[in-house]
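For reference, the structure is listed below as structure tokens.
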Amino acid sequence: MSSGLGYEPGAMGWVVPGVTTIQEQLDEERRWFDRASADYPTAYMARPAREMLPAIKEKWEAFQLSKGRFAGSVDLTLIDEFVFKKSFTFLPQGIGSCVWSNTFRRWVERMCVEICLMGDPEEFIGTTQFGSTSIAPFCVSYGFARQRANMRGGDGLYCKPMSESLLKDGVVLCSTPKLKELMQGAGAIRETDWPEPQSNALYRRIGDWAWNDALRPYAACRLLESVDIRTMDACLESIKAYKPMFMCSGIAIRKVGTHQDGFDIHARNPGDSWAHNMGIAGLRVASDGKQFIRICNTSWLQGGSTDVEKYIYNVPVDEVAGWFRSNRVDVSNIGDIDGIQSLPTMI
Amino acid sequence: MKTILLSCLVCVSLVSSALGQVAAVDVSVAKMKAIAGINAARVVEGAIIVSDDSKPVVTQVAILTVTTKAKFVRVKARKSLFEFGQVSKIGDSEWLLSGSGRYAVEVTAFDPELGIDEKVIDVELGEDPTPPGPGPGPDPGPVPPDAFDNLGQRIAKASAGLPKRAEVAAVYRSFAKQLREEPLITVATAVEGAAKQRTSLLAGDATKWNAFAELLTEDLKKRWPMAKGTLADYFDCIAVGLEAK
């Protein structure tokens with residue numbers, strides 16, 4: 001069945017060693033979660049949702065409306081434009097690094113939520129798209145998580161080790177001097193090599209733990225909350241608390257129509273399967289009140305395109321509810337981050 | 001010149017001695033506290049009761065008691081070769097020295113029959129609580145109790161009489177608004193931004209605001225970290241204190 005998306009699938013990377021079917025992969029995700037949550041229960045518990053600053057909330061809702069997101073929308077794919085007046089369009093994944101490549105985008109969204117919408121006394125880890133001042137954490141987290149999963153050689157990762165790494169390792173900022181030293185040594189000196197090196201060979205070396213020992217001492221900003229999301233209600237609750245999610249599944253997407261508001265509507269493509277990670281970046285409410293989950297696949301942005309909307313799918317809530325009921329997905333959220341504390345240098 | 005004067009003194013002294021009379025002078029110093037700015041003072045049960053509109057200012061003074069048989073006495077207090085202190089005769093043999101600083105108090109006693117004598121003593125008086133020269137500006141009007149341990153009141157007191165209070169208040173109001181309304185600003189950039197604008201605005205007057213800056217630094221450190229909304233409220237309290245008339 002044609003996807004109607006207008007492009008071929010990109011690199012995928014939801015891989016669980018030693019198993020071959022989607023169901024087995026989902027089962028292993030569940031087993032990992034059971035072990036990890038027994039080991040570190042508080043990290044997997046939902047923390048209370050927090051209020052937004054009132055004036056900011058008003059501005060945010062007006063901004064969403066200006067973009068055709070009606071009352072009740074929580075579309076975190078817009079937060080970069082709301083805060084920085086521009087979209088951060090990161091480069092597509094070149095290897096099977098989707099579990100990191102689509103997840104770090106959610107991490108950035110959550111950091112912006114905490115600082116800009118909730119008013120936390122924290123600082124951005126960076127403010128640019130690329131370079132050592134990138135707003136995104138560096139991709140060594142792919143190596144950290146693969147080491148936890150004991151994965152070396154080949155591409156890929158699965159979701160629950162990624163969740164555990166974010167909770168226990170934290171992330172490495174692109175501004176870390178040691179990272180710069182390693183990148184220079186590896187010849188990765190272009191601005192676009194941060195937050196993900198454009199050399200597939202280098203990215204694979206990083207994925208095979210080459211920089212783990214050198215960079216782990218510099219990891220910071222641990223995630224404090226990564227709830228396992230198993231129902232549509234829990235998914236909506238996470239969205240309304242402004243906690244984006246990352247999803248591993250065999251679900252492929254196709255376009256199924258166009259809404260009267262002008263955006264594409266998507267659903268699962270039963271004729272295809274993507275062993276892939278995508279993000280759940282929020283909820284879009286249309287002018288007629290219909291609700292769509294924003295499934296974000298911008299790690300496939302191809303051919304130098306900046307048309308990110310082609311890679312963000314508007315899937316009706318009922319459709320996504322069916323995915324949860326059928327146990328087709330493994331989803332974890334990105335909740336509170338222990339960010340960089342604000343410390344003014346003069347008072 | 002000094003040598004000649006000494007010779008004269010010796011001669012006079014010898015003459016005096018010859019006459020059996022001595023113009024010897026002795027000086028005792030009693031450091032006291034003077035309370036100015038009070039009205040309708042009375043002492044009741046060991047306390048000085050004053051009218052409610054009094055604005056007491058306490059300074060250190062010295063009462064100099066001169067003991068001599070000489071008919072004429074002159075008391076001068078010198079801070080430097082050309083700078084003299086304030087000395088007032090307050091009794092037959094008492095003089096009041098006021099004004100902070102270190103003085104060489106020169107007491108000269110002269111009598112046509114007894115001769116002349118002089119004593120120089122070292123007297124040091126503590127810092128005046130109010131700076132010399134023009135007095136402080138009008139007291140700021142009442143600031144209502146507010147959050148952060150009555151920050152507005154403390155700011156009003158710390159900034160009393162300082163130049164450009166209204167302009168500095170506007171800086172804090174502006175950053176309070178940004179913290180509430182602008183998603184991009186962070187708490188660190190707001191605090192730093194306000195400090196830089198304040199310093200730039202004050203230019204040569206910045207050092208006069210040192211006490212204000214110290215109060216703010218110590219107070220913020222105790223309360224850090226502060227979320228954006230809370231910091232906005234904090235900045236508004238600062239502005240209230242600075243805006244008090």
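Throughout, a chain's letter reflects where its sequence line sits, starting with A, and its residues are numbered from 1.
There is no contact between A:L117 and chain B, counting heavy-atom distances below 4.5 Å. Proximity to chain A is limited to the side chain of B:L220, based on heavy atoms less than 4.5 angstrom apart. Contact of B:T230 with chain A is not made at all, since no heavy-atom distance falls under 4.5 Å. Of the atoms belonging to B:L179, it is backbone heavy atoms, and not side-chain ones, that fall under 4.5 Å from chain A.
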Verify side-chain contact (heavy atoms from CB on, under 4.5 Å) between A:M346 and B:V191, making sure each step is shown before the conclusion. CA-CA 7 Å; A:M346 65 185 291; B:V191 173; over 6 Å; no
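In terms of heavy-atom proximity, A:V83 sits nearest to B:P183 at CG2-CB, 4.1 Å. Scanning both residues, A:K59 and B:E181, for their nearest heavy atoms gives NZ-O, 3.0 Å. Here the closest non-hydrogen pair linking B:V187 and A:P121 is CG2-CA, 3.6 Å. Nearest heavy-atom pair, B:L184 versus A:F124, reported as atom, atom and distance to 0.1 Å: O-CE1, 3.7 Å.
Summarising the local packing, CE of B:M32 is surrounded by 12 or fewer heavy atoms from other residues, nucleotides or ligands at distances under 6.0 Å. Around the CZ atom of B:R74, the shell of radius 6.0 Å holds no more than 12 heavy atoms that belong to other residues, nucleotides or ligands. Annotation for B:E106: atom CD counts as buried by contact number, over 12 foreign heavy atoms lying within 6.0 Å. Counting heavy-atom neighbours within 6.0 Å of B:K33 NZ, excluding the residue itself, gives a total of 12 or less.
Distance alone, capped at 3.5 Å, places no donor-acceptor pair between the B:R180 side chain and the A:P54 backbone. Although no hydrogens or angles enter the test, the distance criterion places a donor-acceptor pair under 3.5 Å between the side chain of B:E192 and the main chain of A:T345. Not one N or O on the side chain of B:W224 forms a donor-acceptor pair closer than 3.5 Å with the backbone of A:P344. The main-chain N or O of A:D120 is never found under 3.5 Å from a side-chain atom of B:K228 such that the two would form a donor-acceptor pair.
Interatomic distance, CD1 of A:I347 versus CG of B:L215, reported as 11.5 Å (0.5 Å rounding).
Most heavy-atom pairs under 4.5 Å with chain B: of the set A:K57, A:E122, A:E123, A:M118, this distinction falls to A:E123.
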